[in-house]
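Presented below is the structure to which this report refers.
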Amino acid sequence: MGRQLGLWGASLRSVRQYRRTAAIIAAGVLGAAGLVGVTAPAASAATPADVAVRLQMSSFGSMVVDSEHQRVFVADNWTENSTYSGNILVYDFEGRRIGLINNYFTTSGMALSADSSTLYVADVSTVTSYDTQTLKSTATTYVDSGRRCSRAAAFSGGSLWYTYAPDAYEGSCATYTRNLVSVRGGSVAGGGWTGAGPLSLEAVPQAPNKLVVAQSLNAAASNPYLTVIDTTDGSSVRGPERRFAAADGSGALNTKDTALSPDGTKVAVADANYPGGTRLLNADDLSDAATGYQALPDGAKSTAVAFSGDGKYIARGAAASGSTPDLLIQPADPDQGGTPLEFAFEGDLDGNSVVPEGLAWSADGSRLFAVTTDGVYGRWLHIVTPPAEQYDSRFGTGLTQSPSAAVVGEPLGLRGKLEFDGTAPATPGQVTAVRKDADGTTELAPVKVAADGSFTVLDVPDRVGEATYTVSYLGDLTHRPATDITKTVQVGKAGSKITLSAPAEASKEAGVEITGTFEAGGPALSAGTSLKVRRTDRLGTGELTSVTVGADGTFRIKDLPRTTKTVTYEVSWAGDDLHEGATASAAVIVGR
């Protein structure tokens with residue numbers, strides 16, 4: 001079986017960076033942990049492998065992963081067309097096609113028995129059982145002679161559950177009422193639950209008695225529901241139920257996929273109408289989880305969602321154009337943070353979006369299977385093998401500041417260094433920082449980490465007093481987040497300076513003219529700063545008319561001395577809340 005995954009954090013703009021065209025890739029096995037510098041060769045780092053297989057099908061019905069036998073079943077589906085048979089392509093975990101099931105009618109839903117021995121295939125008319133090893137049919141149950149609408153399927157509580165639209169007519173499937181029923185021991189039983197339009201079903205073997213049912217958004221259901229059903233021993237007891245539209249009708253679910261966490265405590269919903277893309281709900285009452293996932297990238301619409309078998313990770317699929325990511329992989333617990341591992345599928349070799357319900361994991365989390373489409377007839381199966389190991393990272397030294405005396409309104413640099421256990425990151429990541437002072441908390445711009453692990457956080461503090469900086473590293477492709485590092489800085493007032501240019505000698509009759517400049521660091525001062533002028537001579541000291549500083553920082557003083565001999569002129573500025581004051585003086589010998 002596969003390897004346990006760790007926290008991922010690299011932002012990978014395109015899977016093509018990691019594809020190997022000559023062979024199937026598996027993530028490399030990393031060596032024994034030991035402290036290394038991030039300058040270690042990038043080739044030694046495990047990178048995520050993406051095997052892409054062009055599917056010989058023109059539509060997508062569903063996908064099931066059989067981890068026991070390492071097989072992936074992908075079903076073709078021609079919705080609302082009963083004249084085509086439903087091919088089910090069978091692949092191994094390396095992407096090689098190993099079989100084909102030619103189901104009699106068009107296939108839409110599939111489910112796997114709890115022991116992985118039986119594949120249940122729900123088509124427009126029947127539910128057929130296939131042996132997962134021989135791929136031979138073992139039983140067929142006819143459930144709907146209408147042969148019109150697709151159906152969903154899931155295995156829960158020891159029973160197969162599926163939906164069907166009895167006696168539906170051609171073209172009505174988008175709004176026709178579906179019934180939820182179960183098959184147990186060859187007997188068909190009504191589940192008692194219905195809904196206008198298609199219903200999607202979700203169940204996981206780790207939480208064997210829960211079934212998530214989501215109604216589609218359609219013309220007959222403008223405020224569709226989401227519910228969880230208790231299926232213990234084949235029962236059908238509805239638990240929590242929720243509709244999401246506000247009083248004005250906005251905010252209704254547009255469900256493309258649902259996922260139940262292996263421990264049965266969380267439900268994730270790929271909601272194409274939700275601004276964040278993926279809703280995270282508490283399964284016991286379908287309330288919003290305390291912390292949700294970060295929003296999908298701008299321009300991406302949610303299409304699929306899946307938890308890994310150990311519950312540690314979640315994959316989120318989307319439809320996006322260009323280099324915008326279509327697939328994000330990240331910790332299932334949003335409180336763990338970290339930057340998602342991102343894939344952007346871009347066209348002829350990849351598809352350009354993940355299809356609805358097009359994500360599934362192997363039970364051990366060593367592989368993620370994703371079906372993509374080009375929006376026309378092309379379909380691809382991607383087998384993503386994330387890195388196998390996870391190591392620690394840390395801030396190796398404290399933060400040092402430059403300059404040593406922080407000044408309000410002037411640049412301040414905080415230097416530090418990251419260290420990594422195990423294999424160095426193939427691509428250095430970034431650190432984030434916040435400043436907390438009397439005004440609150442301010443987020444600073446993220447900073448790239450250099451090849452040697454060093455970084456410099458830059459800031460321009462905007463108030464005098466104590467400021468505490470916290471620097472964080474959220475992890476990378478193969479490393480856990482580092483413990484935050486902090487530094488408290490005393491931010492002082494910015495300096496100011498007055499420079500005078502005065503003649504050495506002057507006459508009492510002609511007067512004295514002094515020019516000067518005024519400079520203030522830090523935050524800019526308002527125009528028209530006023531400076532005090534004092535004159536001291538042998539008759540005493542007195543204050544002259546204040547002088548106004550021009551836009552270019554210059555000023556001019558003109559005076560008719562009242563006596564001869566040495567006259568001293570002092571120019572001063574008292575300062576303000578953000579600036580220190582300044583004083584300058586000049587002595588002039590005055591003759592007659």
Using 0.5 Å steps for rounding, measure from the [atom1] atom of [X] to the [atom2] atom of [Y].
{"X": "R54", "Y": "L381", "atom1": "CZ", "atom2": "CG", "value": "12.5 Å"}
{"X": "F343", "Y": "H382", "atom1": "CZ", "atom2": "NE2", "value": "10.0 Å"}
{"X": "L368", "Y": "L359", "atom1": "CG", "atom2": "CG", "value": "5.5 Å"}
{"X": "N352", "Y": "D326", "atom1": "CG", "atom2": "CG", "value": "7.0 Å"}
{"X": "D271", "Y": "T303", "atom1": "CG", "atom2": "OG1", "value": "12.0 Å"}
{"X": "I88", "Y": "S62", "atom1": "CD1", "atom2": "OG", "value": "7.5 Å"}

Please lay out, stage by stage, how T231 and W161 fare under the test side-chain hydrogen bond (donor to acceptor under 3.5 Å, both in side chains).
CA-CA 10 Å; T231 59; W161 296 82; 4.6 Å; no
I'd like to check [X] versus [Y] (side-chain heavy atoms, cut-off strictly below 4.5 Å). Are they in contact?
{"X": "E342", "Y": "Q330", "answer": "no"}
{"X": "K417", "Y": "R415", "answer": "no"}
{"X": "T397", "Y": "E419", "answer": "no"}
{"X": "V65", "Y": "F93", "answer": "yes"}
{"X": "K436", "Y": "V434", "answer": "no"}
{"X": "V237", "Y": "T232", "answer": "no"}
{"X": "T227", "Y": "L211", "answer": "no"}
{"X": "P334", "Y": "L280", "answer": "yes"}

May I ask you to decide if the ring planes of F420 and Y473 are parallel, tilted or perpendicular, using 30° and 60° as cut-offs?
perpendicular
Y120 vs F155 aromatic rings, parallel, tilted or perpendicular, using cut-offs 30° and 60°?
parallel
Could you go through T470 and D484, starting from their C-alpha distance and side-chain angles, then the distance that decides it, and tell me whether this counts as side-chain hydrogen bond (donor to acceptor under 3.5 Å, both in side chains)?
CA-CA 7 Å; T470 300; D484 291 349; over 6 Å; no
Between [X] (side chain only) and [Y] (backbone N and O only), is there a donor and an acceptor less than 3.5 Å apart?
{"X": "Q215", "Y": "Y225", "value": "yes"}
{"X": "S308", "Y": "Y313", "value": "yes"}
{"X": "T373", "Y": "R379", "value": "no"}
{"X": "D374", "Y": "G378", "value": "yes"}
{"X": "S216", "Y": "P198", "value": "yes"}
{"X": "T163", "Y": "R151", "value": "no"}
{"X": "K256", "Y": "A304", "value": "no"}
{"X": "D257", "Y": "V305", "value": "yes"}
{"X": "W361", "Y": "A306", "value": "yes"}
{"X": "S67", "Y": "S362", "value": "no"}

Evaluate the side-chain contact (heavy atoms from CB on, under 4.5 Å) criterion for residues V355 and T372: first the C-alpha distance (whole Å), next the side-chain angles of each, then the deciding distance (0.1 Å), finally the verdict.
CA-CA 5 Å; V355 301; T372 63; 5.8 Å; no
Run the side-chain contact (heavy atoms from CB on, under 4.5 Å) test on K210 and D230 for me, step by step, so that the C-alpha distance in whole Å, both residues' side-chain angles and the decisive distance to 0.1 Å come before the verdict.
CA-CA 5 Å; K210 286 187 176 181; D230 183 351; over 6 Å; no
Which heavy atom of P481 sits nearest a heavy atom of S393, and at what distance?
C-OG, 3.6 Å
Looking at every heavy atom in both V471 and A433, which two are closest together, and how far apart are they?
CG2-CB, 4.1 Å
Out of L444, I485, T486, which residue meets the side chain to side chain contact (heavy atoms under 4.5 Å, CB included) rule with Y469?
L444
Before you tell me yes or no, could you show the steps for D288 and R242 under salt bridge (Lys or Arg N to Asp or Glu O under 4.0 Å), namely the whole-Å CA-CA distance, both residues' side-chain angles and the distance that decides it to 0.1 Å?
CA-CA 11 Å; D288 294 331; R242 184 177 175 187; 3.1 Å; yes
Would R97 and D92 pass as an ion pair if we require N to O under 4.0 Å?
no
Does R435 have any salt bridge (charged side-chain N to carboxylate O under 4.0 Å, His left out) partners at least two apart in sequence or in another chain, and if so, which?
D437, D459, D462
Stepwise ring-ring contact (aromatic ring centres under 6.0 Å, His included) test for Y293 and Y274
CA-CA 12 Å; Y293 298 117; Y274 183 56; over 10 Å; no
Does D233 have more than 12 heavy atoms from other residues, nucleotides or ligands lying within 6.0 Å of its CG?
no
Would you sort out whether T488 and T468 count as a side-chain hydrogen bond (donor to acceptor under 3.5 Å, both in side chains), showing the intermediate values?
CA-CA 4 Å; T488 299; T468 298; 3.1 Å; yes
